[in-house]
Amino acid sequence: MNNHNLNHSIRDISNTPFIRYREFILLYAILQEWCRECGTIYPLNELLEGLTYRIIGDFSICRKSKIINYSKQIKKGDIFVSERNNLRIIDEAIQLGAIAIISEVFIADCSVPQIIIPSDLDRLKQKISEKTYELYGTKMKTVAITGTNGKTTVASFIAQLLMQQRKSVCVIGTLGVFINGRQLKQNFRNNTTLPFYDFIQIVQHCYKHSVEFIILEASSQGLLDNRLGSYPIDIGVFLNIGKDHLEFHGGMVPYKKSKELLVPLCKKLVVNADDEWCRSVAENSFLPITSFGVDIRNAVAFKQENEAEDEIIYKFKVKNEEIDVRMRNSGFYNGMNLAAALASLWTLNIPLQNIKPVTLPTGRFQQIDNLEGIKVFIDYAHTPDALEVCLTTIKSFAKNNIYVVFGCGGDRDKKKRNEMGKVATTFATKAIITSDNPRSESPADIIKDIVRGLDVQKFQIELDRKKAIIYALQMAQAGDTVLIAGKGHEQEQILHDLVVPFSDRDVVNTYFEEEGGLITKNDPVA
């Protein structure tokens, strides 16, 4: 088909051989009903206006269908939108019940109707974003958080503070999708920032369940992949910049630019005034800015923390008001994360009154209690900055030795490996270096990168992560501290093409149960 026919408008579509006028009128009416019933796709004239497209087949069978772009979510009667044009996945979607396909290319021998939108699927996302926001999003406030470290924690803090004010909240991020603290058990993909069509489904779900606030983590890769489409964000929160995913992005400059893609979607910004990159984001934006940091001139100033060993009181000044927040001791860094959360609520015009204690999310500086007198923490820290934050926090209250167990992921950021080794051996008494999702790389080769040039007296190598954790726990005595870093909440190890169940927390709990005589080494769980 020539370009003239490919660029036909909604008014002259009846002149093409693919669909007759009477069929189009029926299709248009069906898609209007489709919009009303499930809200996932909208009248064809609005979605396709200005796009290059082609319609093949009879869409009259698509009454009340949903639009899905994850084949494993497909149920009978759904429409599958293919962004990768992978024939195997398209065939899988049809086998699972997809009754039509939206794609960028013509699919030969396709057994179901097609809408072909060559090179314009991102513009289709823009149309769906705008319509979704118009129908649902205006009834909710959306906060998106970006930064190298702290996204999950800040999202959790914001949600806890909002729920204390009896607000209904959805959190979308690394740990999953949660509404008012309860995980939404649906077949969404395992991404920090969910793919666009998953996100749109959640927006609709939130609207139907009277959610007032959506809090989401916006990763650099998610923003670069356009997973938010052009969905309007009420507040964008900028936490910090560090070294992560640099091989994927090609360096610090493109990494920063990918995170800055959040700015055009936002109406207001909350920025960390103590971070140079965040300050530059604010200086280059014309949006209203709420700053947080240690300087008293910030809208939210983190004033101090007490030095209690367990519970800590963080003190803030929010404009002219003094605010105290209690939580388990977790150091200066989480005081700054709390400041980001308070700044977000202040920007949302939420009262900051009668604040109750807050808790860290799963796998974030999570303390594992035991009867041996050893402080054990599990944290997701997998960057040099995050590891240093954890270890310096521990040093602020540790009585005796500090042991750290960590590794580095395979097929990821090789340059940060030695930096993490330097951090570990600088701030810990001893580092036990092990595997952490080696993927296609040899764990031994990864560890060689980590230990290059380090003092051999400061580290021990143990490739088996379970043995490494047990080794650290066996070395530790009452009064010592053990940090197990890198995996946090994760429940698996990735070894080549194998995904093996594995939990740092389970290994620790099993060890202490065995030491306490609650189970034996012959017990299946041991």
Side-chain angles (χ1 to χ4, degrees), residues 142-163 169-184 188-194 198-199 202 213-223 227-228 233 235-242 244-245 259 262 270 272 275 278 292 325 327-328 330-345 358-367 377-383 385-390 393 406 409 412 436-437 483-492 503-505:
T142 304
V143 178
I145 305 157
T146 198
T148 304
N149 300 305
K151 294 185 294 294
T152 301
T153 300
V154 173
S156 174
F157 285 166
I158 293 173
Q160 289 178 64
L161 293 171
L162 285 169
M163 286 188 286
V169 187
C170 174
V171 177
I172 306 169
T174 306
L175 301 182
V177 181
F178 294 80
I179 294 180
N180 298 328
R182 300 186 65 177
Q183 188 164 14
L184 192 61
F188 297 119
R189 280 161 282 194
N190 185 26
N191 299 91
T192 294
T193 305
L194 287 178
D198 288 10
F199 171 62
I202 292 171
F213 296 90
I214 296 176
I215 317 298
L216 64 92
E217 298 178 44
S219 68
S220 57
Q221 187 170 347
L223 290 165
R227 294 182 199 164
L228 298 179
I233 304 297
I235 298 173
V237 183
F238 287 77
L239 299 178
N240 48 60
I241 197 74
D244 201 14
H245 310 300
K259 287 190 171 295
L262 178 61
V270 168
N272 178 0
D275 184 276
C278 292
F292 67 92
V325 183
M327 66 182 297
R328 200 165 192 172
S330 56
F332 172 84
Y333 185 77
N334 279 307
M336 287 293 285
N337 285 335
L338 271 169
L342 291 170
S344 301
L345 264 71
V358 297
T359 59
L360 286 164
T362 302
R364 270 57 177 180
F365 211 67
Q366 182 177 3
Q367 187 167 350
F377 295 91
I378 290 176
D379 195 88
Y380 189 53
H382 58 278
T383 67
D385 291 344
L387 187 61
E388 182 172 345
V389 162
C390 286
T393 297
F406 81 101
R412 302 285 189 277
D436 182 345
N437 294 334
L483 171 67
I484 304 165
K487 298 186 70 63
H489 65 284
E490 292 181 350
Q491 300 290 307
E492 58 193 28
S503 163
D504 288 349
R505 183 175 57 183

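Source: prediction; values computed, not measured. Counting begins at 1 with the first residue of the sequence.
- No donor-acceptor distance shorter than 3.5 angstrom exists from the side chain of D379 to the backbone of R364, with no hydrogens or angles considered.
- Counting heavy atoms from C-beta outward, L360 and T153 have side chains that approach closer than 4.5 Å.
- A donor-acceptor pair under 3.5 Å links the side-chain atoms of T146 to the main chain of A218, judged by distance alone.
- Ring geometry for Y380 versus H489: interplanar angle of 30 to 60°, hence tilted.
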- Task: Assess whether side chain to side chain contact (heavy atoms under 4.5 Å, CB included) is satisfied between F213 and V143, documenting all intermediate values.
- Result: CA-CA 8 Å; F213 296 90; V143 178; 5.6 Å; no

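- C390 approaches F365 most closely through the heavy-atom pair O-CE1, 3.9 Å.
- Remark: F188 pairs with Q73, V177, L184, Q186, L194, D198, Q201, I202 by the side-chain contact (heavy atoms from CB on, under 4.5 Å) rule, at least two apart or across chains.
- In this structure, T393 contributes its side chain and V389 its backbone to a donor-acceptor pair below 3.5 Å.
- One finds the CD1 atom of I158 at 10.0 Å from the CG atom of L216 (value rounded to the nearest 0.5 Å).
- The minimum heavy-atom distance linking D504 with G488 is given by the pair OD2-N, 4.4 Å.
- A donor-acceptor pair under 3.5 Å is absent between the side-chain atoms of E217 and the main chain of A155, judged by distance alone.
- Among all heavy-atom pairs drawn from P361 and L175, the shortest one is CB-CD1, 3.8 Å.
- In this structure, a donor-acceptor pair under 3.5 Å is absent between the side chains of T148 and D385.
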